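A short worksheet on the structure shown next.
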Number of protein chains: 2
Amino acid sequence: MPKLPNDDKPVEMPKRVRTITDLAKLAGVSPGTVSRALAGKSLVNAKTREKIEALAREHDFRLNQMASRFRRQKTGVIGVVIPLGHDRRQQISDTFFMTLLGYLADELTERGYDLMLRRVIPDKDEDWLDRFIGSGMVEGTIVIGQSDQFDRIEDVADGYRPMVVWGNHQEGQRHCVVGSDNRLGGKLAAERLIASDCQSIAFLGSTDPIEFAARFAGAKAVADKMGVSISVLPTHLNPDRAADEIAEHFASSHSDFDGIFAATDLLAVACLKEMQSRKIAVPGKVKLIGFDDLPIASQTQPPLTTVRQDIAAGARCLVDLLLRRMNGESTESLVLPPKLIARQTA
Amino acid sequence: MPKLPNDDKPVEMPKRVRTITDLAKLAGVSPGTVSRALAGKSLVNAKTREKIEALAREHDFRLNQMASRFRRQKTGVIGVVIPLGHDRRQQISDTFFMTLLGYLADELTERGYDLMLRRVIPDKDEDWLDRFIGSGMVEGTIVIGQSDQFDRIEDVADGYRPMVVWGNHQEGQRHCVVGSDNRLGGKLAAERLIASDCQSIAFLGSTDPIEFAARFAGAKAVADKMGVSISVLPTHLNPDRAADEIAEHFASSHSDFDGIFAATDLLAVACLKEMQSRKIAVPGKVKLIGFDDLPIASQTQPPLTTVRQDIAAGARCLVDLLLRRMNGESTESLVLPPKLIARQTA
DNA sequence: CGCCGAATTGCAAACGTTTGCATTTTTGTG
DNA sequence: CACAAAAATGCAAACGTTTGCAATTCGGCG
């Protein structure tokens, strides 16, 4: 009977059950027991558990996660940082990163982690990575894209294990990275162009970002070996600027290439458009290959031949490796093989 | 002198200064003072503060955010949820949502909040919204897209103030929403098509999602008034499936329209492609208008006429309203006017 | 020199949960 | 029925920070 509310009080004023202690009083047990019951530990009597769970449902009680996480010293949060270097500020490759982010969200949710997202502008904030890591809010960190921060990341990697980076793999680097084999991707593209009888290849895009540099290097290696000339048509990464720059490249006289390897699909699409408006037949006169295999790639006319990165697989690997590192394992970097998707532009 | 380390210990073993108390010992003050100094409160002596700050830097000490947030009962985290209903599972409109997400991240970071992202599949988890809100981890919640969860959101809205939703505004709804005036967008599109002499309009896409229904309704209102016929060409939202369905629509005999209003740019692009491969002149024979003004829209050939949603502005409004609600204000929903971007397909 | 107010600092109690250990209850067995 | 082992529960100490209040120090002024 002590379970009944005081009858001498005129109205029973339920007082939202907020803490585990409130609930414990209702159930007539100790807070510890409630905690154990709710956590699904085995050492609590089945009946007690049911009673507690029922009460919890009834008053829709919810654990104070902050208290819980604080006490257990586990946040259950994985941080995802996107550094915005270069002129990636208004980013062409965002589509790719954002898609990756989506998959990461799914993958992490699946495993019971929350995802904390932060975009940072490194040159405005030297300390971006340490600050994020040291915030004490995340148990592990995924960095999407090395941007121009390779060294910064290397610095941190020694002292901070639970971090995995999406990006390019460098011989002998110290941070754990997963990414496509950009060099191989470049190779595939060049081989395809050459197999389609191209004699002179142009690489379209910046070679500043490390991934793109690798794509170019891969293509160049093949071209050199096969005695095919290769040049760079530099552009910015911002799609609008790039469109103008592409137009300029075509306007200038040296347009003596018959094959184009674009650093990303977005550049390829812009390039395709320019060529079409100049009545340059694709693939008749000039062949074109992109990179990424974004959804748009299959939607151009003619559909774009491109080098596919398997984004979903990438996300899965990132999370896998990160969780293993969080368990103290030390892991090797992982480079995923890209794949040529032959459509109609090359 | 008690500040010096014990000299009788053979080597001084620095013992990473982890807590505010460690730091307090070093500085020879109490933990409370350190806390105040680091928090930048005015009531601590300038010299003391400097000393503490110097020590903090030296040992690169960082506040345990979890403890801090727990104690202050403030997480500093805004939750962003993306419900994945319908066949939005492998999402066509993701590009739009993800872009919005990017801007949200910027906007929130700017104001000192972190962003916690979660994608949920409502039919697998009835309780998704309550669970997220009740987790005690977020101070406010932004829902991106109502999906088919309008009612669920309404239910929650009464009891939970700090929530803002991106989506469509319904007469008399109870949750605070910001979104484009989809009806107006549809109106603009239809007006444009009719001004271009279209006699028969087709709406391409599903009318299930509430936003799309509004787009259609807006278009239909104009069409009806002007005595122009309008029909629906239903498709799924998954781009690959949609492509096939579009092809089927064209293959079937009833292709008697001369203007198409696509529910999203992505559908428009797929449609454009189909028409081109069927040698249907755009805009010569059929006019085409999209919705969103994603970057691709300007990159098609011919470039796509479309209805622009100002995503950056949307993000800013979402955050603004949310912060005001978190301060106890009650706010009206906000509908933003979309804008017709006239390019070459209509 | 003493006293008052302002400026600093210290003290200790929270915040709500988890968990090792001790204690109680239950169960099983001889 | 007694007793030991196992199961279930209670107790209380953490986790690291913030903050109201009290105590101390410091200047300034009469």
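Model, not experiment: these values are computed from the prediction. All chains are named by letter (A, B, ...) in the order of the sequence lines, taking the proteins before the strands, and each is independently numbered beginning at 1. Values below: every heavy atom of this structure, side chains too, minus hydrogens, waters and symmetry copies.
Nucleic acid contact class of Lys47(B) (heavy atoms, under 4.0 Å, all strands): none. Counting any heavy atom pair closer than 4.0 Å across all strands shown, Lys41(B) reaches sugar-phosphate atoms only and no base atom. Residue contacts for Arg18(A): at a heavy-atom cut-off of 4.0 Å it reaches the sugar-phosphate backbone alone, with no base atom in range. Within 4.0 Å of Ser35(B), counting heavy atoms only, lies at least one base atom of the nucleic acid.
Each of Arg49(B) and Phe70(B) was matched to the nucleotide of DNA chain C holding its nearest heavy atom; the match closer to the 5' end belongs to Arg49(B).
For Thr33(B) and dT9(C), the shortest distance from a side-chain N or O to OP1 or OP2 is not below 4.0 Å.
Shown here is Glu329(B), whose CD atom has more than 12 heavy atoms of other residues, nucleotides or ligands within 6.0 Å. Within a 6.0 Å radius of CD in Glu58(A), more than 12 heavy atoms belonging to other residues, nucleotides or ligands are found.
When the salt bridge (charged side-chain N to carboxylate O under 4.0 Å, His left out) test is applied to Arg111(B), the partners found at least two apart in sequence or on another chain are Glu107(B), Asp320(B).
There is a side-chain donor-acceptor pair under 3.5 Å between Arg325(A) and Thr331(A).
Checked for salt-bridge contact, Arg62(A) and Asp127(B) meet the test: a charged N lies under 4.0 Å from a carboxylate O. Ion pairing of Asp60(A) with Arg16(A) is absent here, as no side-chain N (NZ or NE/NH1/NH2) approaches a carboxylate O to less than 4.0 Å.
Contact annotation: side chain of Arg71(A) to base of dG20(C), donor-acceptor pair absent below 3.5 Å.
Chain A approaches DNA chain D within less than 4.0 angstrom (heavy atoms of the protein), and the contacting nucleotides run 5' to 3' from dA8(D) to dG16(D).
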